[in-house]
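First up is the structure itself, then whatever we jot down about it.
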Protein chains: 2
Amino acid sequence: MEEQDIIRALGALAHDIRLRVFRALVVAGPEGLTPGRLGEALAVAPTTLSFHLKELCNAGLLLQARSGRNLIYRADYARMGALMAYLTENCCAGEPCAATPPACTNC
Amino acid sequence: MEEQDIIRALGALAHDIRLRVFRALVVAGPEGLTPGRLGEALAVAPTTLSFHLKELCNAGLLLQARSGRNLIYRADYARMGALMAYLTENCCAGEPCAATPPACTNC
DNA sequence: TCCATACTTCAATTATTGTTGAAGTGTTGG
DNA sequence: CCAACACTTCAACAATAATTGAAGTATGGA
């Protein structure tokens, strides 16, 4: 992931609606959610929501698919993981991720 | 860290100059750097740099101190750690931080 | 005290982002 | 094929962020 991608991803998450959308999709898991459900859950107007979903897609954080007359958005976990990896490596003084509460399940 | 703080921090890092500044300060360690050195290293005009340093301070990611006629900026590692913790917990499906290469040094 | 140094703040301008309602695209059931 | 549905795109506007040069503040040395 290039620096430019990192900046796009961070910028995409740096907005209240988009952060909530992304969180909702992370919680929703691999099945994802439709804009309809998202708009309902978060009380965001369709046009506004569509704009922000597009932003998140452009940043590479979301995947889009069609299912009938609905679109389905899903969080791109790999991408989010890559973002975390970059931040851990470059912005945390090389320390292991400060947030490892379920530490070392394989030990 | 409240959602609003998370958004501020993400927004602060979502800019090429600011991301480089923060990275430089992380690398510099606890001793930090002066705006003079930063501007020199990153080739940024003093006014512009000052603006971005202020943004990073306002976002809580940087600490400022005076030493003689120089100001010294340092990365706030704790704050960055809190940001990482939030993202791991809320945006990574509860999986442990995707980036744990030096894993489990205490095992 | 006065000057030079090291930055910051201010003010004006430009560029980018965010929001909204209206119009458009693709899809399904009748 | 057509009407209703689920969304997106467009266009216009409002709000916010970024850049620049000029002026201001704080510090240390002559």
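Just so we're on the same page: letters track the sequence lines, and every chain starts at 1.
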>> Using whole Å, what does the distance between atom C1' of nucleotide dA26(D) and atom CD1 of I72(B) come to?
In response: 15 Å
> Are C92(B) and Y77(A) close enough, and set up right, to give a side-chain contact (heavy atoms from CB on, under 4.5 Å), and what steps lead you there?
Replying inline: CA-CA 7 Å; C92(B) 290; Y77(A) 297 102; over 6 Å; no
> Between dT8(C), dT8(D), dT19(D), which nucleotide gets closest to the side-chain atoms of I17(B)?
Replying inline: dT19(D)
>> Would I7(A) and H15(B) count as a side-chain contact (heavy atoms from CB on, under 4.5 Å) here? Give the steps.
In response: CA-CA 6 Å; I7(A) 290 168; H15(B) 186 280; 5.7 Å; no
>> Using OP1 and OP2 only, check whether a side-chain N or O of H52(B) sits under 4.0 Å from dT19(D).
In response: yes
> E40(B) has an atom CD; how far is it from atom C1' of dT5(C), in whole Å?
Replying inline: 14 Å
> Quick one: does Y86(B)'s side chain have a donor or acceptor within less than 3.5 Å of a partner on G81(B)'s backbone?
Replying inline: no
> What is the distance from CD of Q64(A) to P of dC7(D), rounded to the nearest Å?
Replying inline: 11 Å
> For L56(B), which of L61(B), L63(B), D76(B), I17(B) qualifies under side-chain contact (heavy atoms from CB on, under 4.5 Å)?
Replying inline: L61(B)
> Between dA17(D) atom C1' and I7(A) atom CD1, what is the distance in whole Å?
Replying inline: 15 Å
>> Can you see if the side chain of Y73(B) gets near the phosphate of dT8(C) - specifically, an N or O under 4.0 Å from OP1 or OP2?
In response: yes
> Roughly how far apart are L42(B) CG and T48(B) OG1, rounded to 0.5 Å?
Replying inline: 12.0 Å
> In whole angstrom, what separates L49(A)'s CG from dA6(D)'s P?
Replying inline: 14 Å
> Between dT17(C) atom P and D16(A) atom CG, what is the distance in whole Å?
Replying inline: 16 Å
> Between dG18(C) and T48(A), is there an OP1 or OP2 to side-chain N/O distance shorter than 4.0 Å?
Replying inline: no
> Should the pair E31(A)-R74(A) be classified as a salt bridge under the 4.0 Å nitrogen-to-oxygen rule?
Replying inline: no
> Start at the 5' end of DNA chain C and walk down; is the nucleotide closest to K54(B) or to A14(A) reached first?
Replying inline: K54(B)
> Could you state the CG-C1' distance from N70(B) to dT8(C), rounded to the nearest angstrom?
Replying inline: 14 Å
>> Go through it in stages, so that I can follow the logic: the residues are L19(B) and E3(A), the test is side-chain contact (heavy atoms from CB on, under 4.5 Å), and I'd like the CA-CA distance, side-chain angles, deciding distance and then a yes or no.
In response: CA-CA 9 Å; L19(B) 185 58; E3(A) 183 181 298; 3.9 Å; yes
> When you check the phosphate oxygens OP1 and OP2 of dC7(D), does a side-chain N or O of T34(A) lie under 4.0 Å from one of them?
Replying inline: yes
> Closest to the H15(A) side chain: dA18(D), dT19(C), dT9(D)?
Replying inline: dT19(C)
Table of protein N/O atoms under 3.5 Å from nucleotides 28-30 of chain D N/O atoms:
unit_1	atom_1	unit_2	atom_2	d
dG28(D)	O4'	R69(B)	NH2	3.1

>> On DNA chain D, compare the nucleotides closest to T47(A) and F51(B); which residue's is nearer the 5' end?
In response: T47(A)
> Starting at CZ of R18(A) and ending at P of dT17(C), how long is that distance when rounded to a whole Å?
Replying inline: 9 Å
